[in-house]
Number of protein chains: 2
Amino acid sequence: MSGVSERMIRHYETIGLMPAAARQGSGYRDYDEKDVHRLRFVARARNLGFAIDDIRQLLSLWDNGDRASADVRALALSHAAALGEKVDALQAMRKELLHLADLCHGDGRPDCPILDRLSG
Amino acid sequence: MSGVSERMIRHYETIGLMPAAARQGSGYRDYDEKDVHRLRFVARARNLGFAIDDIRQLLSLWDNGDRASADVRALALSHAAALGEKVDALQAMRKELLHLADLCHGDGRPDCPILDRLSG
DNA sequence: TTGAACCTTGACACCATGTCAGGGTCAAGC
DNA sequence: GCTTGACCCTGACATGGTGTCAAGGTTCAA
């Protein structure tokens with residue numbers, strides 16, 4: 001229902017993102033609507049790339065009816081900035097790779113500017 | 001000299017990226033120019049975001065004087081494509097976060113479109 | 001001789017997730 | 001009531017790349 005795997009549901013319980021699940025007599029975990037809702041929240045946050053610790057904070061803001069939206073916004077912006085840095089780094093790598101690939105004739109001959117660049 | 005930490009030099013030896021280092025009588029590892037050169041190769045490849053397994057292949061191409069530059073180029077292009085996908089994914093996240101942050105008034109009030117979006 | 005600065009191996013940690021093993025439970029069909 | 005298959009339980013190991021720590025050995029200079 002939440003789209004979260006069994007494995008991860010239990011993991012989230014272990015690390016305290018989810019409360020300890022209620023248990024049936026057999027020991028099976030028992031979830032209610034609220035649990036599913038919370039899991040979906042976590043899943044959506046993960047899809048936006050938030051790390052577990054960020055999600056912990058988001059959940060506590062969500063739980064807290066007296067929160068200030070400014071705090072949520074700050075988390076989102078800080079995460080967006082982190083993503084921006086990652087994007088820049090990956091793009092720089094990608095650009096250089098494409099440039100090197102462009103220089104390389106890419107045929108049966110062994111000489112290759114890509115290896116030259118890597119070997120210094 | 002290579003810019004690679006002790007820790008990682010030994011790790012690369014453990015996983016077979018680097019040959020087992022020569023040893024002094026005391027058991028201390030002993031490196032020569034060639035080792036340093038190889039380590040630098042690995043470090044540069046890591047800086048371009050190549051994973052260890054890719055580097056393993058790059059090293060074997062580097063070692064092999066009969067290589068075809070086409071093979072090196074294919075590795076580089078495939079890695080660039082993978083980077084491109086990652087960039088796209090991160091950018092999509094970032095874009096949505098910025099959009100949500102834009103909608104959020106970000107003051108002392110608790111209502112917040114970011115949390116609304118996460119809670120569904 | 002002593003101390004500081006190195007080196008050795010081994011282990012544990014991160015983060016998020018998958019997978020497997022070895023066992024228990026439950027419900028449907030016979 | 002028994003079998004069978006589909007669940008569920010816990011615990012452990014793996015991934016990748018790196019940090020860090022501990023307990024011990026070595027080397028060199030003062």
Side-chain angles (χ1 to χ4, degrees), chain A residues 1-32 35-36 38-60 75 78-79 82-83 85-86 89-90 92-93 118, chain B residues 1-32 35-36 38-60 75 78-79 82-83 85-87 89-90 92-93 97 118:
Chain A
M1 283 190 278
S2 62
V4 179
S5 70
E6 289 178 37
R7 178 69 178 82
M8 293 315 297
I9 295 176
R10 293 178 192 145
H11 181 59
Y12 293 154
E13 182 178 329
T14 305
I15 64 177
L17 262 200
M18 292 291 297
R23 299 287 181 141
Q24 298 172 342
S26 59
Y28 285 17
R29 286 178 180 77
D30 217 355
Y31 296 102
D32 61 17
D35 294 317
V36 176
R38 193 179 181 89
L39 277 171
R40 278 205 271 248
F41 183 102
V42 174
R44 292 199 191 91
R46 295 273 324 127
N47 285 338
L48 285 175
F50 282 103
I52 296 291
D53 265 359
D54 297 334
I55 296 179
R56 219 182 285 277
Q57 293 181 259
L58 288 170
L59 282 170
S60 94
L75 274 178
S78 139
H79 181 46
L83 288 177
E85 284 180 31
K86 245 185 218 172
L90 296 183
M93 292 177 190
L118 289 173
Chain B
M1 282 189 278
S2 63
V4 179
S5 70
E6 289 180 35
R7 176 71 177 81
M8 292 314 299
I9 295 176
R10 293 179 191 145
H11 181 59
Y12 293 154
E13 181 178 331
T14 305
I15 65 177
L17 263 200
M18 293 289 298
R23 301 286 183 143
Q24 298 173 342
S26 60
Y28 285 17
R29 285 176 180 76
D30 217 355
Y31 295 102
D32 60 17
D35 294 317
V36 176
R38 192 176 182 91
L39 277 171
R40 278 206 270 249
F41 183 102
V42 173
R44 292 199 190 93
R46 295 270 328 125
N47 285 339
L48 285 175
F50 282 102
I52 297 289
D53 264 358
D54 296 334
I55 297 178
R56 217 182 287 276
Q57 291 181 262
L58 288 171
L59 281 170
S60 96
L75 273 178
S78 138
H79 181 48
L83 288 177
E85 284 180 31
K86 248 185 214 171
V87 164
L90 296 183
M93 293 176 190
L97 283 169
L118 289 173

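Quick caveat: nothing in here was measured; it's all calculated off a predicted structure. Throughout, a chain's letter reflects where its sequence line sits, starting with A, and its residues are numbered from 1. Scope of the values below: all heavy atoms of this structure, side chains included, with no hydrogens, waters or symmetry mates.
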Side chain to side chain contact (heavy atoms under 4.5 Å, CB included) involving B:Ser5 - partner list, sequence neighbours excluded: B:Arg7, B:Met8
Listed partners of B:Leu75 passing side chain to side chain contact (heavy atoms under 4.5 Å, CB included), at least two apart: B:Gln57, B:Leu58, B:Leu61
DNA chain D contacts among residues 21-31 of chain A, heavy-atom distance under 4.0 Å: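 The answer is A:Arg23, A:Gly27, A:Tyr28, A:Arg29.
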Within residues 44-51 of chain B: residues closer than 4.0 Å to DNA chain D (heavy atoms): B:Arg46, B:Ala51
Of residues 5-15 of chain A, the positions that come close to DNA chain C - non-hydrogen atoms, cut-off under 4.0 Å: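 By residue number: A:Ser5, A:Arg7, A:Met8, A:His11, A:Tyr12.
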By side-chain hydrogen bond (donor to acceptor under 3.5 Å, both in side chains) - contacts of [X] (at least two apart):
X: B:Arg56; value: B:Asp53
X: A:Glu85; value: none
X: B:Arg38; value: B:Asp63

Atom pair CG (A:Leu48) and CG (B:Leu118), whose distance is rounded to the nearest 0.5 Å: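 Spacing of CG (A:Leu48) from CG (B:Leu118) equals 6.0 Å.
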For atom CG of A:Leu39 and atom C1' of C:dT17, their distance in whole Å: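 My rounded result for the distance is 15 Å.
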Atom-to-atom span, CG of B:Asp53 to C1' of D:dG16 - whole angstrom: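 So the two atoms are 10 Å apart, to the nearest Å.
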Candidate pair B:Ile9 and B:Met18, rule side chain to side chain contact (heavy atoms under 4.5 Å, CB included), full reasoning: CA-CA 8 Å; B:Ile9 295 176; B:Met18 293 289 298; 5.7 Å; no
Contact list for residues 38-58 of chain B, test ring pair (Phe, Tyr, Trp, His ring centres under 6.0 Å), sequence neighbours left out: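 Non-adjacent pairs meeting ring pair (Phe, Tyr, Trp, His ring centres under 6.0 Å): B:Phe41-B:Trp62, B:Phe50-B:His79.
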Residue pairs passing the side chain to side chain donor-acceptor pair (under 3.5 Å) test where at least one lies in residues 11-25 of chain A, sequence neighbours excluded: A:Glu13-A:Arg29
A:Met1 backbone acceptor or donor facing A:Arg40 side chain under 3.5 Å: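 Yes; judged by distance alone, with no hydrogens or angles, the pair exists.
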